[in-house]
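Written out below as structure tokens is the structure these notes cover.
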Amino acid sequence: MDNKTSKLLDLRKEKINELKTEGISLYPNDFKPDHRVHEVKNIIEKNADSLGENGRKFCLAGRMMAINKMGKSSFVRFQDDGEQMQVYIQKNKVGDDVYALFKKLDIGDFIGVEGPLFQTRTGEWTLLAESFKLLSKSVRPLPEKFHGIKDPEKRYRRRYLDLIMNENTRQIFKKRSAIVAAMRRFFDENGFMEVETPMMQTLPGGAEATPFKTWHNALGMELYLRIAPELYLKRLVVGGFEKVFEINRNFRNEGVSTRHNPEFTMVEFYQAYATYEDLMDLTEEMFSTIVTQIAGDSSVEYQGLTIDFSKGWKRISMIDSLSEIGGVDPAIVNDTQALLAYAEKENVQIAKKDRHGKVLTKLFDAFVEPKLIQPTFITGYPVEVSPLSRKSESDSELTDRFELFIAGREIANGFSEINDPEDQYNRFAMQVRQRDEGNDEAHIMDTEYVQALEYGMPPTAGQGIGIDRFVMLLTDAASIREVILFPHMKKA
RNA sequence: GGGCCGUUAACUCAGUUGGCAGAGUAUCUGCCUUUUAAGCAGAGAGUCGCUGGUUCGAGCCCAGCACGGCCCA
């Protein structure tokens, strides 16, 4: 459909050929605007005295978004960096030839104009064109000006049209950029160093997920797109970089949904001599700082919920949350058989091989997670679902780990790291057994990583935060696709 | 993987009981020198997602497929 020749396209191509025949340059590159539209608007707001038909002149450029032709004069609304402004073109001002050229142009074309500003009858500040130039010709017609482009499929596949037509889309991605910048600033101010670790790994580790496979021709070997940077970042801590962070893509070979894109952005960070409790404090500080910078307030509206990011978030253990929030009888949370019976009664799918900790986790996912609207740290994750987390001193079945939940979804995961190489080896071995039992997402044995730990890693805590989900919260986006410029789509 | 919904002009959308394919915007022609989704007069514009089937006749009914959206797993 996109490539079939429509009548509209044919007409445009005819007009383009006419312009070419007349010797008009369709794609010149010699025009330098001296202001952007938003700068002109600032001047209008602060310094309107200097403006007027005999006042300051401006040289501006942009894409024509609407044209009102009125015989010998015309109004053109053009757009530059998302800001719109109007220009008035009069035949007797720009000359017959230029006006004739203008009449052949289309909505969507880029133009350059120069002249003073004046106010129309309704008071709108408008540039009065003394010169007018085509800067770049569009061949395809833009979507209609009033309704814009709405079809989500078209918006994602041709995001550029979405960005041209929908100011809200522009704002989401400007905000995303500001959020990531604020996060970098926060880490920088707190003494963290940004690093980059391999996206292609020989062993995909650091998370429980199915990887994408790829192949290196020259080396003749399989590689995996990383599911997490974790094991490399901790090697850096072994190497003496004691506060590191990485903001980059992870790839997980799983379903696509409003909350999952196969490639997504995470920040992971590690701090030597810190515990998971220190990281909870740091996370509260970071989120409340960023949210205040971005939203101008410590709370935001998300899908009809008011989420308050100011510090002092609830911290509760998974076991306590099951009874206190999930409504599970506290008498049965330590009794695997009773939990299994409860799960069956409540239609929670439990696999035969699942042990106590896994059962707890599944019940938590079903009954507690959806209720965690305000930022909440859940602590005390079972050892068997936490192959990289340090065992708790008080209970060897639990780990010094937390997950952060906001608006009923997981946003972050952090823990005190295992730095005992023997413990880490045994945990990997436990994962390998799970894998043998059919859990394809269980962690694989990584002896090179264990070797790194054998050289000694300081006591360390680390954390990962899903950037896309965090951005969703701050942009009130219902789907992860609204915050990823080019979300994954099937081949059209 | 399952359920529901959608796919018609460049865009946004109508399309009745199965009976000639529609509107607004955009486009084209003419008029118009302060418009504001400008206005007036006229015109052109379609592989109704794809493939089959039912029928005298299918955008509409049936089956399969593709892509997308929402929900569930």
Side-chain angles (χ1 to χ4, degrees), chain A residues 1-16 18 52-53 64-79 84-96 98-99 102-109 115-130 132 138-162 164-166 210 254-261 303 343 346-351 362 365-366 369-370 408-409 477-482 486-492:
Chain A
M1 190 133 128
D2 294 335
N3 294 318
K4 87 179 173 211
T5 54
S6 75
K7 294 272 163 30
L8 281 173
L9 266 175
D10 290 345
L11 260 167
R12 281 229 179 164
K13 283 175 180 160
E14 272 175 43
K15 287 207 293 187
I16 286 166
E18 279 177 42
E53 288 193 33
M64 294 201 286
M65 299 300 291
I67 303 175
N68 286 351
K69 289 179 186 169
M70 300 174 299
K72 295 178 184 66
S73 76
S74 303
F75 284 93
V76 171
R77 190 162 296 282
F78 67 102
Q79 179 167 297
Q84 295 199 346
M85 181 152 189
Q86 192 171 245
V87 55
Y88 186 49
I89 303 163
Q90 293 168 299
K91 191 177 184 179
N92 63 5
K93 199 108 185 169
V94 297
D96 291 1
V98 170
Y99 199 75
F102 157 69
K103 292 221 290 194
K104 285 183 185 161
L105 299 185
D106 298 292
I107 288 172
D109 294 352
L117 299 180
F118 74 103
Q119 281 179 288
T120 64
R121 279 180 193 160
T122 55
E124 180 170 351
W125 281 99
T126 302
L127 189 134
L128 180 62
E130 291 177 345
F132 175 95
S138 69
V139 183
R140 286 182 187 269
L142 286 178
E144 181 240 323
K145 62 185 169 189
F146 190 62
H147 295 94
I149 184 165
K150 287 185 175 171
D151 181 351
E153 184 172 355
K154 283 176 186 149
R155 288 178 47 234
Y156 300 151
R157 288 189 196 275
R158 294 193 232 173
R159 182 69 92 180
Y160 47 92
L161 288 180
D162 190 25
I164 293 168
M165 304 306 298
N166 295 320
T210 308
E254 53 199 30
V256 176
S257 77
T258 50
R259 294 182 193 186
H260 295 88
N261 196 59
Q303 305 290 300
E346 298 291 335
N347 274 326
V348 177
Q349 302 274 330
I350 305 287
K362 286 186 173 176
D365 289 349
E369 179 170 338
R409 59 197 69 176
S479 166
I480 197 169
R481 290 177 212 108
E482 295 294 342
F486 298 100
H488 182 75
M489 305 284 272
K490 279 198 178 183
K491 205 172 164 189

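These numbers were taken from a predicted model, which means no experiment stands behind them. Letters A, B, ... are given to chains in the order of the sequence lines, protein chains preceding strands, and every chain is numbered from 1.
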I'd like the [atom1] distance from [M] over to [N], given in whole Å.
N: A58(B); M: G19(B); atom1: C1'; answer: 10 Å
N: C20(B); M: C13(B); atom1: P; answer: 26 Å
N: G44(B); M: C28(B); atom1: C1'; answer: 7 Å
N: U36(B); M: A26(B); atom1: P; answer: 13 Å
N: A10(B); M: C48(B); atom1: C1'; answer: 16 Å
N: A9(B); M: A66(B); atom1: C1'; answer: 22 Å
N: G22(B); M: U8(B); atom1: C1'; answer: 10 Å
N: U55(B); M: G15(B); atom1: P; answer: 28 Å

Could you run through nucleotides 65-73 of chain B and give me one letter per nucleotide, 5' to 3': B if any protein heavy atom sits under 4.0 Å from the base, S if only the sugar-phosphate is that close, - if neither? --SSSSS--
The contact string for nucleotides 25-35 of chain B, one letter per nucleotide 5' to 3', using protein heavy atoms under 4.0 Å with B, S and - for base, sugar-phosphate only and none, comes out as BSSS---BBBB
Of all the heavy-atom pairs spanning [X] and [Y], show the shortest one and how long it is.
X: Ile480(A); Y: Asn261(A); answer: CD1-N, 4.1 Å
X: Thr120(A); Y: Gln86(A); answer: CG2-NE2, 3.9 Å
X: Thr258(A); Y: Ala478(A); answer: CB-O, 4.0 Å

Mind checking salt bridge (charged side-chain N to carboxylate O under 4.0 Å, His left out) for Arg77(A) and listing every partner two or more places apart, or none if nothing turns up?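 With neighbours one apart ignored, the set is Glu124(A).
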Could you list the residues that satisfy salt bridge (charged side-chain N to carboxylate O under 4.0 Å, His left out) with Lys150(A), not counting sequence neighbours?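 Expected list: none.
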Please give the stem ranges for RNA chain B, sorted by first residue number, where a stem is three or more consecutive Watson-Crick or G-U pairs and both donor-acceptor distances are under 3.5 Å.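 Expected stems, ordered by start: B:1-7 with B:66-72, B:10-13 with B:22-25, B:27-31 with B:39-43, B:49-53 with B:61-65.
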Are the charged groups of Glu482(A) and Arg155(A) less than 4.0 angstrom apart, N to O?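 Counted as a salt bridge, because a side-chain N and a carboxylate O are separated by less than 4.0 Å.
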Can we say Asp365(A) and Lys362(A) salt-bridge, meaning some charged N sits less than 4.0 Å from an Asp/Glu carboxylate O?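 So Asp365(A) does not pair with Lys362(A) through a salt bridge.
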Grab the [atom1]-[atom2] distance between [X] and [N] for me, whole Å please.
X: Trp125(A); N: U36(B); atom1: CH2; atom2: C1'; answer: 17 Å
X: Lys150(A); N: A10(B); atom1: NZ; atom2: C1'; answer: 16 Å
X: Leu161(A); N: U12(B); atom1: CG; atom2: P; answer: 10 Å
X: Arg155(A); N: C11(B); atom1: CZ; atom2: C1'; answer: 14 Å

Which residues pass the ring pair (Phe, Tyr, Trp, His ring centres under 6.0 Å) test with Tyr88(A), sequence neighbours left out?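 With neighbours one apart ignored, the set is Phe75(A), Phe118(A).
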Please answer whether the main-chain N or O of His488(A) pairs with a side-chain N or O of Tyr156(A) as donor and acceptor at a distance below 3.5 Å.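 No; zero donor-acceptor contacts below 3.5 Å.
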Got a second to check how far Lys72(A)'s NZ is from Asp96(A)'s CG, nearest 0.5 Å?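 Atom-to-atom, Lys72(A):NZ and Asp96(A):CG are 10.0 Å apart.
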Has Lys93(A) got more than 12 heavy atoms of other residues, nucleotides or ligands less than 6.0 Å from its NZ?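 Open.
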